[in-house]
Student: 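The structure follows.
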Protein chains: 2
Amino acid sequence: MSEPIISTVDIVLLIIQEDRLCVTLSNRDKEPYENQDALPGGYIHAQADRDCLDAAVRILQQKTGLLPPYLEQLKTFAGAARDPRGWSISVVYFALVDADLILSATNPGLTICPVDALRRLPFDHNEIIAAAVDRIRNKSQYSSLPCYLAGETFSLPRLQKIYEACLGETLNKVSFRRKMDELGVLETVAGQTESTGAHRPAQLYRLKSEFKNQLKLLVRGL
Amino acid sequence: MSEPIISTVDIVLLIIQEDRLCVTLSNRDKEPYENQDALPGGYIHAQADRDCLDAAVRILQQKTGLLPPYLEQLKTFAGAARDPRGWSISVVYFALVDADLILSATNPGLTICPVDALRRLPFDHNEIIAAAVDRIRNKSQYSSLPCYLAGETFSLPRLQKIYEACLGETLNKVSFRRKMDELGVLETVAGQTESTGAHRPAQLYRLKSEFKNQLKLLVRGL
DNA sequence: TCAAGTTAGTTACATTATGCAACTAACAAA
DNA sequence: TTTGTTAGTTGCATAATGTAACTAACTTGA
């Protein structure tokens with residue numbers, strides 16, 4: 001039979017702040033590591049949660065008060081050594097959301113930290129965040145994933161900055177615009193604005209409604 | 001606190017047989033679904049297994065008697081509805097191995113079945129296998145993953161057939177050979193052989209030793 | 001011994017994708 | 001109305017990819 005194993009869900013909630021990829025940490029209100037910042041997480045409730053995604057949505061709601069437009073299972077971290085309480089399983093999800101939604105929520109226990117400037121975190125949370133960054137970096141190469149880090153509407157120059165933050169490298173402007181065009185997930189919005197200064201204002205775009213909650217992959221032959 | 005949750009590991013062991021992608025099923029020796037074919041799996045032993053990978057290796061060894069050259073975590077399937085015993089978590093791995101290794105093992109409880117000709121399986125195992133096929137199809141587009149389905153040595157025409165079985169489409173010969181060359185994971189082996197008929201024999205290749213157990217990804221800019 | 005059949009592997013070229021530099025456009029501020 | 005700054009486009013050089021047609025190496029059978 002199965003031994004008693006601690007079963008939890010943790011969430012890597014990523015946002016863009018000042019053109020940098022950042023993770024949202026939550027101050028722990030219980031032992032172990034009470035009062036330290038760590039990934040938002042919690043126990044799976046076999047009574048309340050129909051599946052893991054349910055648990056992730058519930059926990060995210062409790063800790064941050066929001067339902068992100070993008071939520072995907074990342075990986076499961078398990079073993080005897082990762083939690084002082086003993087053998088544990090953590091099913092980890094990663095979520096993408098517009099930074100403004102978090103900042104406007106003003107949840108007191110939350111901290112935002114750039115993923116490349118993290119200090120040592122409890123459990124194996126540094127390793128988990130590294131896996132999430134790997135995943136988003138990989139998917140950003142051929143998908144519209146980073147769009148979920150932008151708000152409802154955004155300019156292409158801003159979206160390019162977001163892609164660059166995800167990928168950790170600068171991109172060519174013309175190539176980027178061509179690629180977004182051929183992905184076909186964006187549409188212009190009538191009023192253009194985003195006039196942030198003494199220069200030509202940028203056209204605003206939004207995700208086409210049919211892509212509001214899914215990935216469009218660009219399939220490329222071998 | 002956490003409720004008691006059944007914690008298991010299941011494995012999608014993929015091989016190529018007659019140029020088709022096939023999955024290895026194991027006859028269940030216990031309830032539920034006793035005597036039916038399903039994915040090889042078993043309970044996590046908190047005492048014996050240091051982590052999930054440990055458990056996967058142990059279970060694979062028990063059920064098939066082999067250690068595959070490639071083993072990667074696929075996804076975790078969990079919920080109240082997937083197992084008649086109640087709320088369960090299954091951390092699923094997928095493994096790739098040369099078909100000859102399985103066929104020579106002659107483990108009596110094993111069945112090989114093409115992934116596109118599966119009947120209804122116990123639990124959510126059809127869904128799990130579909131996820132594994134998705135993953136390998138995706139990774140086959142830009143990595144050397146399918147090489148682990150070939151044996152120690154293989155010809156390029158045979159490797160191309162394997163890639164085609166993984167991707168579910170035919171490939172261009174010249175493009176395929178160019179891509180394998182630029183991936184840089186293969187080396188020729190002196191004696192060429194694989195003369196299977198009245199025609200020119202094919203050069204044999206093998207994975208360079210530094211790639212025997214890892215993926216070489218071709219990074220492609222956005 | 002040599003022609004026919006079959007698969008392996010290469011070459012040459014057309015087509016498409018990508019990267020870059022230089023351009024024009026649209027605004028604010030002075 | 002000139003200047004500075006960012007948005008967006010155009011044209012072209014270079015690189016990647018797909019295709020057809022080739023040559024190479026073998027076995028078999030006349």
Side-chain angles (χ1 to χ4, degrees), chain A residues 18-19 140-144 147 150-151 153-165 167-206 216-222, chain B residues 18-19 140-144 147 150-151 153-165 167-206 216-222:
Chain A
E18 290 167 10
D19 294 336
S140 296
Q141 286 177 348
Y142 56 90
S143 81
S144 57
C147 295
T153 65
F154 44 84
S155 69
L156 284 184
R158 171 160 149 70
L159 187 61
Q160 183 174 346
K161 290 279 189 190
I162 293 174
Y163 266 84
E164 289 172 342
L167 290 166
E169 63 182 358
T170 60
L171 297 173
N172 177 274
K173 180 171 57 165
V174 179
S175 301
F176 175 75
R177 299 173 82 97
R178 255 196 302 239
K179 199 53 90 179
M180 291 314 297
D181 182 50
E182 114 193 18
L183 269 175
V185 299
L186 300 183
E187 62 186 10
T188 60
V189 29
Q192 80 245 13
T193 8
E194 177 148 304
S195 29
T196 50
H199 53 80
R200 177 174 177 174
Q203 172 67 253
L204 283 182
Y205 292 80
R206 65 173 156 237
K216 172 76 179 295
L217 300 181
L218 222 202
V219 181
R220 303 164 91 166
L222 178 78
Chain B
E18 291 167 9
D19 294 338
S140 296
Q141 288 178 346
Y142 55 92
S143 81
S144 58
C147 295
T153 65
F154 45 84
S155 68
L156 284 184
R158 172 160 148 67
L159 188 60
Q160 184 174 344
K161 290 277 190 192
I162 292 173
Y163 266 84
E164 289 172 342
L167 290 166
E169 64 182 358
T170 60
L171 297 173
N172 178 273
K173 180 172 57 165
V174 179
S175 301
F176 175 75
R177 298 172 84 96
R178 256 194 303 238
K179 198 56 86 178
M180 290 315 297
D181 182 50
E182 116 193 18
L183 268 176
V185 300
L186 301 183
E187 63 186 9
T188 58
V189 28
Q192 80 241 16
T193 7
E194 176 147 305
S195 29
T196 50
H199 54 81
R200 176 174 176 173
Q203 173 67 253
L204 283 182
Y205 292 81
R206 66 175 155 235
K216 172 76 178 295
L217 300 181
L218 222 202
V219 180
R220 304 164 91 166
L222 178 77

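Residue numbers begin at 1 in each chain, while the letters A, B, ... track the order of the sequences.
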Student: Given D/dG18, C/dG9, C/dT7, identify the nucleotide with an atom nearest to the side chain of B/Ser175.
Tutor: D/dG18

Student: A/Asp181 CG to C/dT18 P: how many Å, rounded?
Tutor: 13 Å

Student: Quick one, B/Leu183 and B/Met180 - any side-chain contact, counting heavy atoms below 4.5 Å?
Tutor: yes

Student: So if I take every side-chain heavy atom of A/Lys173 and compare against C/dG9, D/dT9, C/dT18, which nucleotide ends up nearest?
Tutor: D/dT9

Student: Compare all side-chain heavy atoms of A/Cys147 with those of A/Leu186 and state whether any distance is below 4.5 angstrom.
Tutor: yes

Student: Could you give the CG-to-P distance, from B/Leu159 to C/dG9, as a whole number of Å?
Tutor: 12 Å

Student: Which listed nucleotide (C/dT18, D/dG8, C/dA26) is nearest to the side chain of A/Ala202?
Tutor: D/dG8

Student: Between B/Pro157 and B/Arg177, is any pair of side-chain heavy atoms under 4.5 Å apart?
Tutor: yes

Student: Roughly how many Å is it from CE in A/Met180 to P in D/dG8, rounded to a whole number?
Tutor: 13 Å

Student: Check the orientation of B/Phe176 and B/Tyr163. Use parallel for under 30°, tilted for 30 to 60°, and perpendicular for over 60°.
Tutor: perpendicular

Student: Please pick, from D/dC26, D/dT6, C/dT18, the nucleotide with the shortest atom-to-atom distance to any side-chain atom of A/Lys179.
Tutor: C/dT18

Student: Counting side-chain heavy atoms from CB outward, which of C/dG9, D/dA20, C/dG19 is closest to B/Val174?
Tutor: D/dA20

Student: By nearest atom, which of the nucleotides D/dT19, C/dG9, D/dG8 is closest to the A/Pro157 side chain?
Tutor: D/dG8

Student: In whole angstrom, what separates A/Arg177's CZ from C/dT24's P?
Tutor: 18 Å

Student: Whole Å only: how far is the CG atom of B/Leu204 from the C1' atom of C/dG9?
Tutor: 14 Å

Student: In this structure, how many angstroms lie between the C1' atom of D/dT17 and the CD atom of B/Gln141, rounded?
Tutor: 15 Å

Student: How do B/Arg200 and A/Asn172 order along DNA chain C: which one's closest nucleotide is nearer the 5' end?
Tutor: B/Arg200

Student: Please state how far atom CG in B/Leu156 lies from atom C1' in C/dT7, giving the value in whole angstrom units.
Tutor: 13 Å

Student: Tell me which nucleotide among D/dT17, D/dA24, C/dA26 gets nearest to the side chain of B/Glu182.
Tutor: D/dT17

Student: From D/dA24, D/dT17, C/dT18, pick the nucleotide closest to the side chain of B/Arg178?
Tutor: D/dT17

Student: Report the nucleotide, chosen from D/dT5, C/dC20, D/dG4, that has the shortest atom-to-atom distance to any side-chain atom of A/Ala198.
Tutor: D/dG4

Student: Taking atom P of D/dG8 as reference, at what distance in whole Å does atom CG of A/Leu171 sit?
Tutor: 16 Å

Student: If only atom types and distance count, is the side chain of B/Gln203 paired as donor or acceptor with the main-chain N or O of B/Thr188 below 3.5 Å?
Tutor: no

